[in-house]
*Asks:* 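Let me give you the structure first, and then I'll get to my questions.
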Amino acid sequence: MERIDKLLSATGRWSRKEVKELVRQGRVLADGRAVQKPEEKADPETVCLTVDGGAVDCAPFVYVMLHKPEGLLSATEDKSQPTVLDLLPPELRRRGLFPVGRLDKDTTGLLLLTDDGALAHGLLSPKKHVDKVYRAEVDGRVDGEDVAALAAGMTLGDGTVCLPAGLEPLGDGSACLVTLREGKYHQVKRMLAARGKPVRSLHRLRMGPLVLDEGLEAGKWRFLTAPERERLKEGRGAL
Ligand code: URA
């Protein structure tokens with residue numbers, strides 16, 4: 001059993017103080033009955049909590065889809081530079097969310113933030129074969145030889161061995177889709193630079209089953225939907 005104020009504030013939608021006020025105003029129901037005190041307890045697995053009539057999912061972990069803009073670090077904190085956590089409200093930051101994998105400061109696109117360490121580990125492990133899909137714009141034009149080189153698995157100048165990767169030229173080849181199953185440091189940029197096609201801009205579109213919501217502007221975030229969470233956990237295909 002857990003305190004209801006804890007369950008509600010853990011969703012990141014309200015602070016403890018706000019929950020207290022909601023309860024006082026009779027706006028919180030547990031299994032259809034008005035909650036009398038914030039410290040009342042309920043079973044998080046079975047209780048049906050509503051606020052103003054809307055059901056509240058009080059699952060133990062939080063999953064956030066963020067459209068990362070340029071200029072922020074994919075880190076939880078940094079002494080001198082802003083991080084992606086700065087885009088989230090204080091309630092969520094307090095939960096200890098962290099980005100699942102890193103995007104470079106100048107890379108934009110899909111970033112998942114969660115406090116579910118086991119799920120993050122599974123998504124990042126090359127053994128689990130979770131595809132990450134990026135759209136790159138390059139100097140020059142990618143061609144069939146580049147496609148073959150990435151498909152064969154490249155060894156970079158410093159000896160870094162890369163797993164076979166997908167490359168799909170778009171239009172005249174000045175843009176392309178790159179699919180990786182791992183996340184080595186600056187990997188897309190280093191692979192394409194090694195092919196003589198340096199990356200001008202990089203944007204992540206997909207991570208396993210999770211696709212960046214086209215309605216989410218750069219700098220904005222939303223909670224994952226229940227089907228998105230289920231697909232992530234089951235490791236099923238894209239929605
Ligand atoms: N590859 C890169 O080079 N940068 C990223 O941010 C992600 C993948």
*Asks:* Which atoms form the tightest heavy-atom contact between G71 and P82, and what is the distance?
*Replies:* O-CG, 4.2 Å

*Asks:* Are side-chain heavy atoms of C162 and M191 found at a separation under 4.5 Å?
*Replies:* yes

*Asks:* Is atom CZ of R3 surrounded by more than 12 heavy atoms (other residues, nucleotides or ligands) closer than 6.0 Å?
*Replies:* yes

*Asks:* Indicate yes or no: does K20 engage D5 in a salt bridge with an N to O separation below 4.0 Å.
*Replies:* no

*Asks:* Test your reading of the model: is there a side-chain donor-acceptor pair from E234 to the backbone of R231, 3.5 Å cut-off?
*Replies:* no

*Asks:* Going hydrophobic residue to hydrophobic residue with side-chain gaps under 4.5 angstrom, can you get from V56 over to L29?
*Replies:* no

*Asks:* Look only at the side chain of D43 and the backbone of M1, and say whether a donor-acceptor pair between them is shorter than 3.5 Å.
*Replies:* no

*Asks:* Indicate, with yes or no, if W221 and L97 share a hydrophobic cluster defined by side-chain heavy-atom contacts under 4.5 Å among Ile, Leu, Val, Met, Phe, Trp and Tyr.
*Replies:* yes

*Asks:* Is it true that a side-chain atom of D143 and a backbone atom of D146 form a donor plus acceptor pair closer than 3.5 Å?
*Replies:* yes

*Asks:* Do the non-hydrogen side-chain atoms of L112 and L123 ever get within less than 4.5 Å of each other?
*Replies:* yes

*Asks:* Flag the pair V64 / L224 as yes when at least one side-chain heavy-atom distance between them is below 4.5 Å, and no otherwise.
*Replies:* no

*Asks:* Measure the OG1-NE2 distance between T160 and H186 for me, rounded to the nearest 0.5 Å.
*Replies:* 12.0 Å

*Asks:* Provide the closest heavy-atom pair for F223 versus T11 in the form atom of the first, atom of the second, distance.
*Replies:* CZ-O, 3.2 Å

*Asks:* Measure across L103 and G109 and return the closest heavy-atom pair with its distance rounded to 0.1 Å.
*Replies:* CD1-O, 4.1 Å

*Asks:* Taking the side chain as everything from C-beta on, heavy atoms only, tell me whether C176 gets closer than 4.5 Å to L192.
*Replies:* yes

*Asks:* Does the side chain of E21 pick up a donor-acceptor pair with the side chain of Q25 at under 3.5 Å?
*Replies:* yes

*Asks:* How long is the gap from CZ on R229 to CG on L210, to the nearest 0.5 Å?
*Replies:* 12.0 Å

*Asks:* Under a 4.5 Å cut-off applied to non-hydrogen side-chain atoms, are L212 and H203 in contact?
*Replies:* yes

*Asks:* Walk me through it: do E137 and R135 pass the test salt bridge (Lys or Arg N to Asp or Glu O under 4.0 Å)?
*Replies:* CA-CA 7 Å; E137 285 176 9; R135 184 180 195 281; 3.1 Å; yes

*Asks:* Considering non-hydrogen atoms only, spot the tightest contact between A194 and L156 and give its length.
*Replies:* CB-CD2, 4.2 Å

*Asks:* Honestly curious: do L177 and M207 fall in one hydrophobic cluster under the side-chain, below-4.5 Å linking rule?
*Replies:* no

*Asks:* Short question: side chain of E182, backbone of L163 - any donor-acceptor pair under 3.5 Å?
*Replies:* yes

*Asks:* If you count the non-hydrogen atoms of other residues, nucleotides and ligands that lie under 6.0 Å from NZ in K184, is the total more than 12?
*Replies:* yes

*Asks:* Are any of the side-chain heavy atoms of H67 and L110 separated by less than 4.5 Å?
*Replies:* no

*Asks:* Name the residue from D115, T225, D116 that meets the side chain to side chain donor-acceptor pair (under 3.5 Å) definition with Y63.
*Replies:* D116

*Asks:* State whether the side chain of T114 and the backbone N or O of V62 hold a donor-acceptor pair below 3.5 Å, judged by distance alone.
*Replies:* yes

*Asks:* Indicate yes or no for a side-chain donor-acceptor contact from R24 to the backbone of G26 under 3.5 Å, with no hydrogens or angles considered.
*Replies:* no

*Asks:* Distance from E70 atom CD to L72 atom CG, nearest 0.5 Å?
*Replies:* 10.0 Å

*Asks:* Please tell me if the side chains of R190 and Y185 come closer than 4.5 Å, counting only heavy atoms from C-beta onward.
*Replies:* yes

*Asks:* Answer whether the closest heavy-atom distance between the side chains of R204 and V133 falls below 4.5 Å.
*Replies:* no

*Asks:* Is it true that E77 and K79 make a salt bridge, defined as a side-chain N closer than 4.0 Å to a carboxylate O?
*Replies:* no

*Asks:* What distance do E214 atom CD and L205 atom CG have between them, rounded to the nearest 0.5 Å?
*Replies:* 9.0 Å

*Asks:* Does this structure show an ion pair linking D86 with R93, if we count only N-O contacts that are shorter than 4.0 Å?
*Replies:* no

*Asks:* Taking all non-hydrogen atoms of both residues into account, name the closest pair between A175 and V142 and its distance.
*Replies:* O-CG2, 4.3 Å

*Asks:* Distance from K220 atom NZ to M65 atom CE, nearest 0.5 Å?
*Replies:* 15.5 Å

*Asks:* Step by step, work out the salt bridge (Lys or Arg N to Asp or Glu O under 4.0 Å) result for D106 and K189.
*Replies:* CA-CA 11 Å; D106 59 354; K189 290 177 187 164; 2.7 Å; yes

*Asks:* Can you name the closest pair of heavy atoms from S9 and V19 and give their distance?
*Replies:* N-CG2, 4.0 Å

*Asks:* Side chain of E217, backbone of G215: donor and acceptor closer than 3.5 Å?
*Replies:* no

*Asks:* As an exercise, state the distance from NZ of K68 to CG of L87, rounded to the nearest 0.5 Å.
*Replies:* 9.5 Å

